[in-house]
Undergrad: 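Please see the structure below; I have some questions.
Just the heavy atoms: all of them, side chains too, but no hydrogens, waters or symmetry mates, feed the values below. Everything numeric here is computed off the predicted structure, so don't read it as measured data.
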Amino acid sequence: MESLCSVGRSIKKGNDDRGIGLFLISRQPHIFSNGYRVRFSEEPDPTCGIGFVVPEWVSGKPGLLEISRVYGSGKALPATILIVSLKPEKVEAVKQQLAEFHPEILLFLSKFKRLCVCETNCDLKEEDTVSVLSVSSESNHVKLSSKREHSHVVQVSVEDKTLDAEETCKYLMWRQVFPVKPENRASSRADMDQWIGTLAFPFGKRLKRGTSSVGVFAFLPTAMVTNLPFVIQADFILSSSRESILFDSAWNLGILQCVSTAFVNAFQACVKDKALFPSMSQVFKFLPAQESSYSELNNLRERIRKKLRELNIMPCELHNDKSYFTMPRGVVRILPKFRDILSQMRNKGACLHGLQTLKKVLHLSLDHEKHRAVLDFLGVDSVKKSLDWYAKCIKSCNLVSQASGEDYIELLCFVAENEKSFATKYFWDIPILKYTSSEANVQLCSILQIMKGELSLKYAYDPELHSWLSKCNMEFGCLDKIFFLPSDIQKSLLQHGNSLVICCWLLNSVRVKSCSAFDYGNYLGHYVSGTEEYTKGKKYNYCLFISEHWVKLFGRKKPFLDQNYVDIGDVYAEGGPFLGECTPDKVVLDFMCEYCRALDLPELTPPNVELQIASSQLSMEQAFLLLDWIRLFRTKGLTIPEKFFGSIQNGKWLKTNTGYSSPSQSILPDLTGKLIYNLMKHFLSDISVIDQEFYSYRINMYQEELRFLGVGFGYDDVQRLISTRFKPLAASALRKELAFSLLMFIGLLMQRNAVNEQWLQAMKKGKWLKTHQGYNAPEGSVLLPSAIDGDSCLKITNLRIVDEAFYGSKICSFSSELGLLGVIVDSSEIYKLIAQKASFPAILPSMSSGCALEIPTIDELYNGDEIRHFSKELSAAGVAVDTTSVVKMIAAKFKSLLLSSKLTPKIVLSMLDCFKDRKQTLSSGFSELQWLLTERWLKTRHGYKAPNESIIFAAKWGAISSIVDLPLIDDAFYGIVIYKYRDELQTFGVITDFEAGSRLVLEGLKSPIEAEFITANGTMALLECMKSAMSKSPEQSILDNFLKNIAKSKCLKTTHDTRTSVMKRSYNFLSKFNWRPEKLDEHNSWVWIPNHGGDEGKWVNSELCVLHDKDDLFDCRLYSLYNYYRQELSTLFSSAFGVREVPSLGEHLQVWNHWGSSTDHQVSPAECFSFRECISKNWKLETEETLKQNLTIISATTSFFAWFLKYGGTSFTLSQRLLDIYSSLGLKKVSESVKLKVGRAILTADRLKTPLPRNRLIENGLIKIVLAFLACPRFDMAAKDRQEIAASLLNLSLCESDHPIKVTYCLTSSSNATVEVVTKKLVWWDKNSGQLFIDKLGHRDKKTNIEFGSCFAQEIAEGPMPEGRELAAANLSRIIHIRFLYEFKEEAVDYLLVREHLEFLVEDNEFLNSAFSCSGKSRAALGKRTFNSLQLAPSTPLALCKKRCMSEQ
């Protein structure tokens, strides 16, 4: 009471600034304590005039009776009671603050055990408990030897009307005393010699008010949220608002220094106390793993971290039932699966003592993802930093040898599943793989041994096969160091849940492959054959050289032994014992045939070598056997080796009318073909006709095979052969006999109306026809009729007249053929041509016409042509009437203008143009113009010079024109048109090359050359001029002066570094260290571009550069760095200098529009392809709008068509996308725009024969194919629609046409211009009349006429197909064409449907039966489809396996 009633006499130590501040909320606080009943007032006392500290005795209310009612009747009153009558304006604020007391406030107020906040009304009848805070239990728990440390556990509970239930939390309270250091003393705490710090560690859900937890207390809570998992309590010096401690206070910093020590001591005590914390994870949650928002507290974290890292606090697992603690850097975190493997093996009795020599395994309770932050805080190595630990563990603990089969496979599964996390190389040099040795012992090897090829491991998928192969391997002594996995390991491998993952890892990373009996048979090939030629990787082909077919074709020869073909007939036919079993005869041979693909003729696949027997004469049986061999290959769709095929194609084994010849030099013509062959026999002297009688007329059964080998068939092939031979010969002069053969052949083609237009054009343009002007093309040549005198015509015309004296009068009998070739043979046309081309010698020269010298010329229009008859009289009168006199007149006029300085550029250019046009009429060497060679009439950079003192500029002069003063013709004076007359100027003596101008170069070098002006080309040009000049012995003074200046010039480049080489090394250095600028700006946006072929270059802004310009479209606009630097530098240029990968879409549009506006640039297909590819890749709605606004349309060769992809084998996807782009831009497909017109003449009755029977072409096999094709899932066409299409085919009427069927395709452009193409068709379907028109000639030869079959298939396929199904129509046409060639036999159609994956449905079969019921043919109901065996030619043998199947049946 004395302290309360006095000033400056507080019992608190050190002038403590802590207090309640009652007068802030109350005017008259009351105190009842130990018999005292007083109150204090903030108003001054009337007697002494002092407020706040003057007590006033309370004798009235409130008294003890009223206080008891409030506190609770029957409860003992506390020793001290404060009654605070609140100021009216403070009631709500105090109420709110009391209700929000922090629950942890009782932890550090040792005098308080319970804090209850109640709200009572004024008549004391009702009471409402707002909140209750209490310390429900307290106990000492940790026994400490030091008196300065104290630890106990406190449980705090909270009751609040806002909570559903009472909340509690336990706190481990660690209290430690530290002496105050002199450097940390504070004036406000001068009498204090020690710090008392308390740390509260909550285990459980921490109590808090609001969303955050207070982390620092100074007996009462501050507002500091520290993000630390524990609470700090100490006598801190606070700010005036009491919200935070002062971090600039030495007193507070000293306390924080001690907090780290207290935390470390408390943490060590908790780690060792298993009674309080049975799980280590509870203790490690107290570590400050998260950063705080206060830098000083982060310093505290760092001090705690450094101290803990040096302490043995980390629990480890040694798998020996012993507890062990070590430093954080001595433990590793491992993957859960490997931990399970260790535990499983330990439970089975495995010894894991090797773990003691490695980094210790972190205890399971801490090795979880939720503890990652804490473990990272302590510096415990992560899984990624301890990848090599697993290999060391496997080796030190000898896990592979101790593991059972299941555990071993689990270990391999662990390595396989984590291959991407840690490379297999960690396990390369440890013995991790098991195998069975030749002595049946289990051995170990490393992956490295397998990679080096020291041994090879195999396994089979079938356990029985694996065991048998392993025994075989041991029986053979593990040849070529091949070993098998132990049987129990193989069984465990295949039964494992992740066997696929392990097998893939063994195959791809370890090279342990699966092995079948066939594979093992290949490995043992050298052993069973008894030779030493087997090498690893070689593959053998097993053959039966002793078979009947082999002997027929080759005799007893074995031609393929040197090509890895092995004869197994003799070796495997005999039986014998093996692995304790006796094998009967031929059992092994049958096995090899069935499983090792041992083959006989004709199923044997030949090697890529020449077949020697094909170069000898073969008998009929041998020839048929060889053709059967080829047929079987083509039937199976196999590729015949190139050399093998070439030897058969070019070998002379085929019997012909002239002996034995090769297929490529043989034909088998029909009657018409023989006729043509006999007529052209002298021209086809190297071509022979196959002797059908020798082959008993059965050779026709092998037409497809012979055609494949190059044999020509029928009339068409003979015609094509002759046409092909004439084509190259007609390009140059033809002998008279060959020319007549050509004309005779053309006559035959004209008779059959079979002239090929393309071939005919080549004949027209070939210079093979002898004329009086030499050999010329027929087109435009003239064949004079007998009525015209040839000699007279040659004198007055320059026509190309056929040399009748060379060919003789026989040439006139081929006038029709010559006319077809373009030779003019019509008499009236020849007369007109002679009249047009006739010319007579001129009298008056026209030398001066068109020249700018203004020489008067007689006007022939005025005087008439008769003036020419008076040339002698005009010459006597002084008129120039010949070339010599005209030239003299021009020379006089020219010299006059030159002397008067009136020789303008226009006059010189006009004169040169005049000479250019009349160069042919002047005498050789321009003898009339010799006066121009000496006059100085050419304007150069050195003034007017004579032609032999002047140089006309060319590209090669550019290399030295900048360093040598040369008399170059002044193109600024004459204009660039002067270069058009380069040839005329050279004739006059103007210098064009170094050899002629070397003297002028020596004279023009006046001073030494500086290094920056010289280039490599300039140096070489100087040396070339010097060489030429010295060969001509120039004047010594000129040569000495030149050599003097050259000696002082820096014109030779040495190996010293250039800027380009320096820049390349700099870029390589920056790329190697992944240099990146902090930001891209103008200082690092420039790139060095070297000159092509030189050592210099220039700096270019990176915006003008791209990494790749695939087709060099932007060669003049952008710099493609791919052309200057290595590919590895692309990343540096992209990230460090901002260089783009490829040109943008806008730049593609710019270059495209440039092409459109350019008159001298023809867009190539490659450029079109590149542009369209860019548009396709960037296609979107915005791209479409941009193209419509900015794209220039570049015309193609005609105005009708747009360019389309045909470049580089473009994919179907890109082609389809380009179609969509064209469609969106408004372009149409040709198929959508073209119209078909057919001449009505072919439809008239007099042009048609009697209708053909429908079953001649429209057979049930055709209908069956169409129905099956339309029923495939791609169309999903209803049965009714399919059958309607089939009915339209059945209702077609077939009519023959005596004349070719001509059709016209019309295409009309937007400008109404029309393009028409007329062609002939052998088959045409008229949809309107339902008739199928057929060319009579094509139908007659339909079996041999490929064109007729193709045209028929196309019409039938396109007829019923809906629009937009062009691709489907093409597929159907192909199938029908195949069927047409094989005459629609039932078995062939069924096989064809299966081959094309088509199904003939039941409902379609019923329709087909009803449609053909009238013909009397009955068809069985369609059930499971069956097929006959493959039909081969008469001598085609069956395969061995097929023979065996047939014999079993």
Side-chain angles (χ1 to χ4, degrees), residues 845-855 883-884 886-1004 1017 1021 1024-1025 1028-1029 1032 1034:
S846 56
M847 184 74 182
S848 62
S849 62
C851 188
L853 295 178
E854 300 179 354
I855 297 176
T883 301
T884 303
V886 171
V887 171
K888 290 181 179 179
M889 185 179 295
I890 293 175
K893 183 68 174 179
F894 185 87
K895 292 178 181 179
S896 175
L897 293 174
L898 182 61
L899 293 174
S900 60
S901 301
K902 294 182 180 179
L903 192 61
T904 62
K906 180 180 178 181
I907 294 175
V908 174
L909 295 175
S910 176
M911 184 186 68
L912 291 173
D913 190 67
C914 183
F915 292 150
K916 184 180 183 73
D917 293 338
R918 291 155 180 81
K919 183 165 52 176
Q920 294 181 352
T921 63
L922 298 175
S923 61
S924 177
F926 289 88
S927 59
E928 301 90 343
L929 306 177
Q930 290 296 321
W931 52 273
L932 284 174
L933 304 181
T934 57
E935 294 291 338
R936 294 192 171 190
W937 57 275
L938 280 174
K939 177 73 166 60
T940 70
R941 294 181 182 179
H942 293 177
Y944 282 90
K945 295 286 186 180
N948 61 353
E949 298 174 341
S950 306
I951 299 174
I952 186 167
F953 184 83
K956 56 186 176 181
W957 289 103
I960 59 174
S961 61
S962 60
I963 57 178
V964 179
D965 189 15
L966 299 174
L968 297 171
I969 293 178
D970 193 352
D971 53 7
F973 179 75
Y974 293 109
I976 61 174
V977 71
I978 190 66
Y979 297 109
K980 187 172 72 171
Y981 308 103
R982 184 185 301 275
D983 294 338
E984 288 71 29
L985 291 171
Q986 186 177 5
T987 305
F988 292 142
V990 174
I991 297 170
T992 58
D993 55 10
F994 286 154
E995 183 177 0
S998 59
R999 180 182 59 83
L1000 298 178
V1001 173
L1002 267 61
E1003 293 176 354
N1017 292 334
E1024 185 177 349
C1025 291
S1028 178
K1032 298 178 181 179

Undergrad: D993: which residues meet the side chain to side chain contact (heavy atoms under 4.5 Å, CB included) condition with it, sequence neighbours left out?
TA: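 Partners of D993 by the side chain to side chain contact (heavy atoms under 4.5 Å, CB included) criterion, ordered by chain and then number, come out as K956, E995, A996.
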Undergrad: Shortest non-hydrogen contact from V1001 to C1025?
TA: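 So the two residues come closest at CG2-SG, 3.7 Å.
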Undergrad: Which residue pairs pass the ring pair (Phe, Tyr, Trp, His ring centres under 6.0 Å) test when at least one of the two sits in residues 952-977, sequence neighbours left out?
TA: W957-F994
Undergrad: Working to the nearest 0.5 angstrom, can you tell me the gap between I952 CD1 and Y981 OH?
TA: 11.5 Å
Undergrad: In Å, rounded to the nearest 0.5 Å, how long is the span from CD1 of I969 to NZ of K945?
TA: 13.0 Å
Undergrad: Just to verify, what does N948 make a side chain to side chain contact (heavy atoms under 4.5 Å, CB included) with, not counting sequence neighbours?
TA: A946
Undergrad: What pair of heavy atoms forms the shortest contact from I960 to A1021, and how long is it?
TA: CG2-CB, 3.4 Å
Undergrad: Looking only at heavy atoms, what is the nearest atom pair of L966 and S961, with distance?
TA: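 What the structure gives for the nearest pair is CD1-CA, 4.3 Å.
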Undergrad: Check side chain to side chain contact (heavy atoms under 4.5 Å, CB included) between T904 and all other residues, then give those that pass, not counting sequence neighbours.
TA: K906, I907
Undergrad: To the nearest 0.5 Å, tell me how far K939 NZ sits from I978 CD1.
TA: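 Here the rounded value is 12.5 Å.
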Undergrad: Tell me, please, which residues at least two apart from R936 pass salt bridge (Lys or Arg N to Asp or Glu O under 4.0 Å).
TA: E949
Undergrad: Quick check for you: to the nearest 0.5 Å, what is the distance between L912 atom CG and D983 atom CG?
TA: 11.5 Å
Undergrad: Only counting residues at least two apart or in another chain, list the ones meeting salt bridge (Lys or Arg N to Asp or Glu O under 4.0 Å) with R999.
TA: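 For R999, the residues satisfying salt bridge (Lys or Arg N to Asp or Glu O under 4.0 Å) (neighbours in sequence not counted) are E1003.
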Undergrad: Could you measure the distance from the OG1 atom of T940 to the CG atom of L1000? Nearest 0.5 Å is fine.
TA: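 T940 atom OG1 to L1000 atom CG measures 10.0 Å (nearest 0.5 Å).
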Undergrad: Could you tell me the separation between the CD1 atom of I991 and the CD1 atom of I951, rounded to the nearest 0.5 Å?
TA: 5.0 Å
Undergrad: Would you check, one step at a time, whether the test side chain to side chain contact (heavy atoms under 4.5 Å, CB included) holds for L985 with L938?
TA: CA-CA 10 Å; L985 291 171; L938 280 174; 4.2 Å; yes
